[in-house]
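By convention here, the first residue in the shown sequence is residue 1.
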Amino acid sequence: MASVFQDQLNLVSGLTPARAYNAAKVWSSYWTSRISGVAAHHGLPMSVSIEPTTSCNLRCPECPSGLRSFTRPTGMLKEDVFRQVIDQLATTLAYLTFYFQGEPYLNPSFLPMVQYASSKGIYTATSTNAHYLDDDKARDTIASGLDRLIISMDGTSQETYESYRIGGNLEKVIDGTKNILRWREELKSKTPHVVFQFLVVRPNEHQVPEVYALAKELGVDHVNLKTAQIYDYKNGSDLIPTQNQYSRYTQEVDGTYSIKNDLLNHCWKMWQSCVITWDGKVVPCCFDKDAHHVMGDLREQSFKEIWNGDAYRQFRTLLLKSRSEIDMCKNCTEGTKVWA
């Protein structure tokens, strides 16, 4: 098993003077804006999520990809678009997540793109349902230099797993995990750091101890318990756990539900990160799953033009004044517990 320390070392090793200086500018910009109430930014994002594809093989009930409910176009990220983005951000970008919606391994160019980002010294991570980690893909994943591989493991029995991961096969997930860990050992690689992500919902909450046992048996490095976002949470859901510590929502005296955190007029994400869709659009964060708040298009503008542009400035200003007016913020976890 690779240690948490080794994973942190991999992240810190990419912290160049330019990236550290950029991080300092981002941090100071955020706190200056938060204290003054006037949106200002003097750096570039420290972290970016980029979407390899909106396509997915599963039909998970709280996921736009699974529900096939997007109003925005679906498609695959092109490698030339990706390289243009990375070339603009490589000197300051510290962390790159290859995920927004969809299953990354469905994009044939996914691992070459990981390799390109890794060659720039950027820490790379992705999240997968692990149905495509056959022997060849597992070996190529290790060779790509991917730093962190998050595997969705939302049940320890097929019945429980497929109650949320509809259309999924638990045996494939376990086999894919074994392939990754075997090739990591055979190639004597320190990466990727392999994480089981367990989305705690009512059908699987009783299996929390079992996922830790399974991870230990297989040699997985870490387990994350993640609380679930429910779109129509107010009237309750069969997915909201009965154990309060695993829920983002609390039940009121009238039987309705509310989100646990207060909707405060600030958000660190708006200063330090953003999301880029498969077709080059920049949106503020991962809660804008259908890309309603497009800040700009990288096929028409440079990243700096978008990041420092009027649309972003106005969005950050509104957030500092009245975050409750922004629709996607109303179910946001900024200030609540996502990782149980």
Quick note, side chain to side chain donor-acceptor pair (under 3.5 Å) partners involving residues 104-113, not counting sequence neighbours, are Tyr105-Thr141
Sequence neighbours excluded, which residues qualify as ring-ring contact (aromatic ring centres under 6.0 Å, His included) partners of Tyr161?
-> none
Quick one: which residue pairs count as a side chain to side chain donor-acceptor pair (under 3.5 Å) with a foot in residues 281-297, not counting sequence neighbours?
-> Thr71-Asp290, Gln229-Lys289, Asp279-Lys281, His293-Asp327, Asp297-Arg299
Glu159 atom CD: more than 12 heavy-atom contacts under 6.0 Å = no
Do we see a donor-acceptor contact under 3.5 Å between the side chains of Ser152 and Asp154?
-> no
Going by atom types only, do Asn204 and His206 share a side-chain donor-acceptor pair under 3.5 Å?
-> no
Go through the side-chain N and O atoms of Thr156 and Gln207 and say whether any donor and acceptor fall under 3.5 Å apart.
-> yes
Sorted by first residue and then second, give each salt bridge (Lys or Arg N to Asp or Glu O under 4.0 Å) pair with at least one member in residues 80-99; sequence neighbours left out.
-> Glu79-Arg83, Asp87-Lys120
Going by the side chain to side chain donor-acceptor pair (under 3.5 Å) test, name the single residue among Thr128, Thr54, Thr53, Asn57 that passes it with Glu103.
-> Thr128
Taking atom types as modelled, is there a side-chain donor on Arg316 or Tyr312 under 3.5 Å from an acceptor on the other?
-> no
Does a donor on one side chain sit under 3.5 Å from an acceptor on the other, for Thr242 and Glu205?
-> yes
Quick one: list whatever passes salt bridge (charged side-chain N to carboxylate O under 4.0 Å, His left out) with Asp7, sequence neighbours left out.
-> Arg148
Do Thr160 and Ser157 meet the criterion of a side-chain donor-acceptor pair at a distance under 3.5 Å?
-> yes
Phe315 six-ring face occupied by Arg313 cation (under 6.0 Å, within 45°) = no
Taking ring-ring contact (aromatic ring centres under 6.0 Å, His included) as the test, write out the residues that go with Tyr116, two or more places apart.
-> none
Can you spot which of Val114, Asp221, Ile142 makes a side-chain contact (heavy atoms from CB on, under 4.5 Å) with Pro192?
-> Ile142
Heavy-atom donor-acceptor pair, Ser13 side chain to Asn10 backbone, under 3.5 Å = yes
Val173 and Met153: CA distance, side-chain angles, deciding distance, side chain to side chain contact (heavy atoms under 4.5 Å, CB included) verdict | CA-CA 8 Å; Val173 181; Met153 174 59 73; 3.5 Å; yes
Phe110 and ring pair (Phe, Tyr, Trp, His ring centres under 6.0 Å): which partner among Tyr99, Phe98, Tyr132?
-> Phe98
Ser258 and Glu252: side-chain hydrogen bond (donor to acceptor under 3.5 Å, both in side chains), yes or no, with the steps?
-> CA-CA 7 Å; Ser258 62; Glu252 306 294 345; 2.4 Å; yes
Would Phe196 and Ile150 satisfy side chain to side chain contact (heavy atoms under 4.5 Å, CB included), going step by step from the backbone distance to the final call?
-> CA-CA 6 Å; Phe196 269 175; Ile150 300 169; over 6 Å; no
Among side-chain atoms of Arg19 and Asn22, is any donor-acceptor pair under 3.5 angstrom?
-> no
Using the side-chain hydrogen bond (donor to acceptor under 3.5 Å, both in side chains) rule, take Trp183 and Asp140 through it: C-alpha gap first, then chi angles, then the decisive distance, then the call.
-> CA-CA 9 Å; Trp183 273 114; Asp140 291 346; over 6 Å; no
Take Glu162 and Lys172 through the salt bridge (Lys or Arg N to Asp or Glu O under 4.0 Å) test and state the conclusion after the steps.
-> CA-CA 12 Å; Glu162 67 181 348; Lys172 279 189 175 181; over 6 Å; no
Decide if atom CD of Glu185 counts as having more than 12 heavy atoms of other residues, nucleotides or ligands within a radius under 6.0 Å.
-> no
Parallel, tilted or perpendicular: ring planes of Tyr249 versus Tyr233, cut at 30 and 60 degrees = parallel
Would you call the rings of Trp27 and Trp31 parallel, tilted or perpendicular if under 30° counts as parallel and over 60° as perpendicular?
-> tilted
Sort out for me which residue in Val201, Val200, Leu199 forms a side-chain contact (heavy atoms from CB on, under 4.5 Å) with Lys226.
-> Leu199
